[in-house]
Chemist: 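Following this message is one structure expressed as structure tokens.
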Protein chains: 2
Amino acid sequence: MAAEPWAVDPSSDRPIYKQIADALRQRLDAGEYGAGDKLPSESELMQQFGASRATVRKAFDVLMGEGRVESRRGVGIFVRIPPSALFVLRDTDRLKRKTWGANKHSSRRRPFERDAEESGARFRQEIRQLMEVPAPANVARHLAVNEGDPVFVRRRRISLDGRPAHLGDSYLPLDIAVGALRERDTGPGGTYARIEDAGHRLSHFDEQLTFRMPTSTERRALRLGPGVPVVDLVRIAHTRTRPLECFVAVMAGDRYRFAYEIPAD
Amino acid sequence: MAAEPWAVDPSSDRPIYKQIADALRQRLDAGEYGAGDKLPSESELMQQFGASRATVRKAFDVLMGEGRVESRRGVGIFVRIPPSALFVLRDTDRLKRKTWGANKHSSRRRPFERDAEESGARFRQEIRQLMEVPAPANVARHLAVNEGDPVFVRRRRISLDGRPAHLGDSYLPLDIAVGALRERDTGPGGTYARIEDAGHRLSHFDEQLTFRMPTSTERRALRLGPGVPVVDLVRIAHTRTRPLECFVAVMAGDRYRFAYEIPAD
DNA sequence: CAGTGGTCTAGACCACGAT
DNA sequence: TCGTGGTCTAGACCACTGA
């Protein structure tokens, strides 16, 4: 059992740990191991490949960095189970007045709440902070205020089906942050509904997405597995004349799918 | 020089390599090292923290996995320089008929070509494959054909300023893939312009984004640094009555920013 | 209890870049 | 040539899981 067809070639330029990772990846791709299956233990692989433990572990590190496997201490290393549901965020729904607006045809839900329920997930919002802060540089630019000027921020953590899904901070200019917008519960329709209650009329949203690996803090807060990226979302809510809100979120990359419908004209 | 304030605590529950990573991360956040700066060498850190080389290296591995530092063999470890430009892809422009259309007000550019030039980048398209293939499951579903039915695929690699930025595959039903759509150069306006030349009228695009770490193959093809995720983009071009194209791309997560403008109504 | 993965050490040889 | 990071080994102790 020592010299399988996929045995490593010590004379190759390619490092042994990468060869082992390649071999394992190939077995994964071939469906030899399915989602949730246990891979051979480190000691088994040491024998199979005739490598030291550190080398075998390094091969596993590669696959973990790719988000393909994950380890359970005292048990083994397993093929990663993709999140049971990928929550689809649709621009054609979640940001429309018919979702959050105050009129009688609206479902009066928050943008994320709507998409969550549409996917059959339990939506939970947990307020982390509710306070005035000096505007950070990027927020200031988007809200057309000076950096350091006081703005009101609502920091929350959203969970879907009991698992954290994103950290979302909503920044409001002080003249907008009044009444329910400073309370824990903003009520039906959420922030956007309250903004319109105050007589403003939202015209459109600018949404931008960028991508990176999480910091260790974010990894903890979102309970991210190894090899899972995050999406930085920045969304500005506009009236025809001015920006009224800057929403900044760090979202678990393995829990969301973004969907946009774009007219050709 | 052995017992700095940020020295590690061997009695702590937190592993030494994570404490070292924390200390380094803190120095990075504090701006002690700027983009492109060289960090202390492994042997220096071994002395500073009184740890073995393997432990110091593991700390660096953590930061590399976060995409914050990168190593140059024979030289040192450096603070990662973010890509000089983040190319902004705007739904309000790139997918509009005024960009790619055949009328005389159109700029007659490909969607990505437009955004690249707008950012002042050199756009280069390299055809990797041009052939009929059996439709993969996801493509078949989107194009409303049966899995395995022949479709025509245009596989290309797009580079911006000489660096690869994404791998994009355009799948076309056979009745659509005629004339210039089977040639290397589809001409001004690209695929969408040729589709409309044939008498079809595109109404809208459905675009979906998901996120993950690259495979080792993709890492090579896109020349991705460690700790850089990719975006899977799937875009379906529709007429009012049927889907005409399925575009599937793997995009370097550190080179693109996606921007969408969403009306409130 | 035995087996698993998690951490850490000490030492070795190598390829590479700068000088 | 020297210092850098890249790979690899052999061995150790630990914490955890499951039988």
Side-chain angles (χ1 to χ4, degrees), chain A residues 2 7-24 33 36-65 68-80 216 219-220 225-227, chain B residues 2 7-24 33 36-65 67-81 216 219-220 225-227:
Chain A
V8 298
D9 171 11
S11 68
S12 160
D13 274 352
R14 192 159 177 80
I16 296 174
Y17 78 89
K18 286 189 182 170
Q19 294 186 50
I20 297 178
D22 291 344
L24 293 173
Y33 301 102
D37 286 358
K38 184 177 177 305
L39 293 175
S41 72
E42 293 176 353
S43 41
E44 281 180 83
L45 290 179
M46 287 168 67
Q47 296 209 346
Q48 279 189 19
F49 293 101
S52 74
R53 185 165 172 225
T55 304
V56 168
R57 280 185 64 80
K58 199 141 195 320
F60 275 130
D61 283 345
V62 171
L63 298 181
M64 288 204 269
R68 303 195 56 155
V69 303
E70 57 192 6
S71 61
R72 286 182 232 155
R73 201 211 271 256
V75 188
I77 294 182
F78 297 81
V79 181
R80 182 111 185 265
S216 57
R219 217 192 279 285
R220 261 193 304 276
Chain B
V8 298
D9 172 10
S11 69
S12 161
D13 273 350
R14 193 160 177 76
I16 297 174
Y17 77 90
K18 285 189 182 169
Q19 294 187 48
I20 297 179
D22 291 344
L24 292 173
Y33 301 101
D37 286 359
K38 185 178 175 307
L39 293 175
S41 72
E42 293 175 355
S43 40
E44 281 180 83
L45 290 179
M46 287 168 67
Q47 296 209 346
Q48 280 190 20
F49 292 101
S52 74
R53 185 166 172 225
T55 303
V56 168
R57 280 184 64 79
K58 200 138 196 313
F60 275 131
D61 283 345
V62 171
L63 298 181
M64 288 205 270
R68 303 195 57 153
V69 304
E70 58 193 4
S71 61
R72 285 181 233 157
R73 203 213 267 264
V75 188
I77 294 182
F78 297 81
V79 182
R80 181 112 189 261
I81 304 174
S216 57
R219 217 193 278 286
R220 261 194 304 276

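Lettering of chains follows the sequences in order, A, B, ..., and the numbering in each one begins at 1.
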Chemist: Using whole Å, what does the distance between atom P of nucleotide dG3(C) and atom CD of Glu44(A) come to?
Modeler: 12 Å

Chemist: Sugar-phosphate means primed atoms, P, OP1 and OP2; the rest is base. With that split, encode nucleotides 7-14 of chain C 5' to 3' as B, S or - using protein heavy atoms under 4.0 Å.
Modeler: BSB--B--

Chemist: Please give, in whole Å, the distance from dG5(C) C1' to Phe78(A) CZ?
Modeler: 11 Å

Chemist: Report yes if a side-chain nitrogen or oxygen of Ser43(B) is closer than 4.0 Å to either non-bridging phosphate oxygen (OP1 or OP2) of dT4(D); otherwise report no.
Modeler: yes

Chemist: Could you state the interatomic distance from CD1 (Ile16(B)) to CZ (Phe49(B)), rounded to the nearest 0.5 Å?
Modeler: 11.0 Å

Chemist: Test of understanding: with side-chain contact (heavy atoms from CB on, under 4.5 Å), list the residues that count as partners of Pro40(A), not counting sequence neighbours.
Modeler: Arg27(A), Tyr33(A), Glu44(A), Leu45(A)

Chemist: In whole angstrom, what separates Glu42(A)'s CD from dA15(D)'s P?
Modeler: 18 Å

Chemist: Restricting to side-chain hydrogen bond (donor to acceptor under 3.5 Å, both in side chains), what partner residues turn up for Arg220(B), sequence neighbours left out?
Modeler: none

Chemist: How long is the line joining CE of Met64(A) and P of dG5(C), in whole Å?
Modeler: 10 Å

Chemist: For residues 53-61 of chain A, tabulate all N or O donor-acceptor pairs below 3.5 Å that involve a side-chain atom, not counting sequence neighbours.
Modeler:
from     : atom 1 : to       : atom 2 : distance (Å)
Arg53(A) : NE     : Glu42(A) : OE1    : 2.8
Arg53(A) : NH2    : Glu42(A) : OE1    : 3.1
Thr55(A) : OG1    : Ser52(A) : OG     : 3.1
Arg57(A) : NH1    : Glu42(A) : OE2    : 2.8

Chemist: Which sits closer to the 5' end of DNA chain C, Ile77(A) or Val75(B), going by the nucleotide each is nearest to?
Modeler: Ile77(A)

Chemist: Ignoring backbone atoms, test whether Ser71(A) places a side-chain nitrogen or oxygen under 4.0 Å from the OP1 or OP2 oxygen of dG5(C).
Modeler: no

Chemist: Tell me every residue that passes salt bridge (charged side-chain N to carboxylate O under 4.0 Å, His left out) with Arg14(B), counting only those two or more places apart in sequence or in another chain.
Modeler: Asp22(B)

Chemist: Please name all residues satisfying side-chain contact (heavy atoms from CB on, under 4.5 Å) with Arg80(B), sequence neighbours left out, ordered by chain then number.
Modeler: Glu70(B), Val228(B), Asp254(B)

